[in-house]
Amino acid sequence: MATITEISPSFPLDQLITIASQSSFLLNPKPMALLALVAAVAIYISFTSNKVYLVDFVCFKGPRTHRVPTSTFIEHAEIMSELDRDTIDFQTKVVERSGIGNQSYLPSGVHTLPPSTSLKYAEEELEMVLFSMVRNLMTKLKISPKSIDVVITNCSMVSLTPSLSAMLINKFGFRSNVKSYNLSGMGCSAGLVSLSLARDILRVHKNTVALVLSVEAICPSIYEGKVKSMLLANCLFRMGGAAFLLSNRQADSKTAKYELQHIVKTHIGYKDMSYKCVFQETDDEGHTGVALSRSILQVASEGLKTNLATLAVVALPYSELVRYGVSMVWKRIWSKDRRAVKMPDFKKAFDHFCIHTGGKAVIDAMKKSLQLRDMDVEASKMTLHRFGNTSSSSIWYSLSYLEAKGRIQRGDKVWQIGFGSGFKCNSAVWKCISKMKPDHWNVWSDSIDQYPLEVPDSH
């Protein structure tokens with residue numbers, strides 16, 4: 001008699017049939033009965049296999065010495081003698097209208113005059129962010145580095161040798177057989193790319209724990225020229241990072257905060273306008289920086305629509321899918337009808353939204369496009385105000401905000417949306433599977449009562 005104890009997602013169907021046919025109660029099985037058993041087991045596998053849990057996560061909170069009020073940012077721009085008045089006025093206008101408050105952080109290399117973009121300062125910045133996050137997460141969960149099976153890091157602007165993941169292995173003493181990956185150049189949606197990579201690894205390897213760290217280096221990305229499209233990054237990006245622990249172990253389902261439901265990745269880099277809308281380049285005077293094109297909102301909108309076409313099918317309730325399908329058919333039949341296809345109501349699929357804090361204009365555009373309420377974008381707007389654009393980690397600061405506010409309940413679904421160079425639009429959907437408790441490790445814990453705040457209009 002064969003006994004099925006564990007079946008992996010890649011378990012061969014022919015072996016499954018063989019095992020089933022050898023079972024004592026199937027000595028002379030009828031074909032339909034055997035087929036029914038196989039179908040039942042297949043359904044069971046689909047519901048019990050490949051589950052990925054978010055055990056917990058932490059975000060980086062900088063020291064007060066790294067705080068950069070708007071007045072300090074403007075003063076530094078004015079002190080730098082090589083910048084003309086027009087350049088200073090432009091940066092002042094952008095910062096004042098950005099939606100970023102006076103509490104965000106910049107690394108020590110940017111606080112120097114003139115700013116230092118050297119490798120030394122970049123390493124110092126990355127070590128501060130990465131080491132503190134790993135320490136905090138390990139302490140919070142009371143786990144040892146030896147219990148980690150996979151380490152994944154992502155940082156767009158710096159690719160060190162040895163890699164960032166190797167830096168962590170050396171610092172914390174991970175096992176010699178730990179699987180190590182480092183992603184670079186993936187932009188502000190790199191965190192969800194790392195999540196996707198971790199998900200795929202956990203699908204293949206049973207009883208595995210993965211540590212993912214999402215960070216950006218600000219020092220080497222500071223632009224010292226006068227091209228306005230390249231000055232924007234100086235005004236919007238801030239120091240930050242997130243570390244999260246993933247697991248596919250059944251034992252961790254009892255203590256994990258969330259279960260991963262869906263990941264949808266979209267890449268529209270086949271179009272030149274999309275590919276070049278966030279682009280690192282050198283200006284005519286030899287200064288290197290990242291140029292943000294005027295077309296970025298248009299490109300982001302196109303990426304979002306493409307992403308939603310897939311996400312809607314797997315995430316929306318059937319009633320909303322039917323309504324959306326009828327709207328599409330109506331427009332195709334009556335092609336002269338100028339009315340736009342009705343956007344599905346994603347509030348019926350998701351309880352909370354964590355939108356990449358690319359800027360106030362990005363959040364406002366998402367709110368309008370998805371027909372969201374003020375409360376739906378509150379977490380993203382407050383994250384932008386408190387921490388600025390922390391690149392790929394920003395969606396985790398928004399999730400921390402929702403947790404600190406006590407808004408996430410067991411059974412709620414959270415939609416994380418990231419945009420990044422390439423151009424990419426990525427989505428992740430989580431389901432809360434635990435009862436949230438007050439958490440002093442939360443980066444908002446000492447200031448959450450001050451929020452939400454009224455943020456001045458960006459116009």
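Only a predicted model underlies this, so the values are computations on that prediction, with no experimental measurement involved.
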Donor-acceptor contact below 3.5 Å, side chain [X] vs main chain [Y]:
X    : Y    : value
S116 : G109 : no
S196 : L192 : no
T390 : G240 : no
N102 : T70  : yes
Q103 : I100 : no
Y397 : G241 : yes
T92  : I88  : yes

Which atom pair, heavy atoms only, marks the closest approach of [X] to [Y]?
X    : Y    : value
L384 : K360 : CD2-N, 3.4 Å
I218 : R238 : CD1-O, 3.5 Å
L402 : F353 : CD1-O, 4.4 Å
N426 : S189 : ND2-OG, 3.3 Å
T112 : P114 : OG1-O, 3.0 Å
E125 : P220 : OE1-CD, 4.4 Å

Quick one: does [X]'s side chain get under 4.5 Å of [Y]'s, heavy atoms only?
X    : Y    : value
M138 : L211 : yes
V204 : D200 : no
L106 : H76  : no
F419 : T266 : no
E281 : M230 : yes
V178 : D149 : no
D284 : V227 : no
R85  : E78  : yes

- Message: Salt bridge check, K437 against E403: does any charged N sit closer than 4.0 Å to a carboxylate O?
- Response: no
- Item | Under-4.0 Å salt bridge between K367 and D364 | no
Under 6.0 Å from the [atom1] atom of [X], do we count more than 12 heavy atoms belonging to anything else shown?
X    : atom1 : answer
R64  : CZ    : no
Y181 : OH    : yes
D86  : CG    : yes
K140 : NZ    : yes
K431 : NZ    : no
M273 : CE    : yes

Please report the interatomic distance [atom1]([X]) to [atom2]([Y]), rounded to the nearest 0.5 Å.
X    : Y    : atom1 : atom2 : answer
K228 : Q91  : NZ    : CD    : 11.0 Å
L292 : F279 : CG    : CZ    : 13.0 Å
I408 : C432 : CD1   : SG    : 6.5 Å
C188 : E216 : SG    : CD    : 7.0 Å
R410 : S434 : CZ    : OG    : 6.5 Å
L183 : C155 : CG    : SG    : 10.5 Å

- Task: Show your working on salt bridge (Lys or Arg N to Asp or Glu O under 4.0 Å) between D446 and K61 and close with a plain yes or no.
- Result: CA-CA 11 Å; D446 62 347; K61 186 176 182 180; 2.6 Å; yes
Quick one about [Y] and [X] (side-chain donor to acceptor, distance below 3.5 Å, no hydrogens or angles considered), yes or no?
X    : Y    : answer
T139 : N136 : no
S108 : E124 : yes
S445 : H440 : no
S253 : K51  : no
N182 : S163 : no
T282 : T288 : yes

- Note on the structure: Given the options D56, L141, V212, L245 meets side-chain contact (heavy atoms from CB on, under 4.5 Å) only with L141
- side-chain contact (heavy atoms from CB on, under 4.5 Å), paired with C354, selected from T383, L399, I417: L399
When the ring planes of [X] and [Y] are compared, do they come out parallel, tilted or perpendicular, using 30° and 60° as the limits?
X    : Y    : answer
F172 : F131 : perpendicular
H287 : Y223 : perpendicular
F350 : F346 : parallel

- What do the steps show when you test L311 against W415 for side chain to side chain contact (heavy atoms under 4.5 Å, CB included), and what is the final call? CA-CA 10 Å; L311 183 64; W415 179 16; 3.5 Å; yes
- Task: Evaluate side chain to side chain contact (heavy atoms under 4.5 Å, CB included) for L231 paired with V94, printing each intermediate quantity in order.
- Result: CA-CA 9 Å; L231 286 167; V94 172; over 6 Å; no
- Hey, mind stepping through E378 and K405 against salt bridge (Lys or Arg N to Asp or Glu O under 4.0 Å) and telling me if it holds? CA-CA 11 Å; E378 180 186 309; K405 277 293 183 183; 5.2 Å; no
- Item | Test salt bridge (Lys or Arg N to Asp or Glu O under 4.0 Å) applied to K271 and E302, step by step | CA-CA 11 Å; K271 295 184 177 181; E302 182 180 348; 2.4 Å; yes
- Query: Does the pair M366 and S369 meet the rule for a side chain to side chain contact (heavy atoms under 4.5 Å, CB included), with working shown?
  - Reply: CA-CA 5 Å; M366 286 288 293; S369 179; 5.6 Å; no
- Task: For ring-ring contact (aromatic ring centres under 6.0 Å, His included), just list the numbers for W444 and F387, CA-CA rounded to whole Å, side-chain angles, deciding distance to a tenth of an Å, and then say yes or no.
- Result: CA-CA 10 Å; W444 295 89; F387 294 100; 5.3 Å; yes
- Take F237 and M157 through the side chain to side chain contact (heavy atoms under 4.5 Å, CB included) test and state the conclusion after the steps. CA-CA 12 Å; F237 285 95; M157 301 305 297; over 6 Å; no
- Task: Please assess R407 against D351 for the test salt bridge (Lys or Arg N to Asp or Glu O under 4.0 Å), listing each intermediate value before the final yes or no.
- Result: CA-CA 9 Å; R407 293 180 183 168; D351 302 288; over 6 Å; no
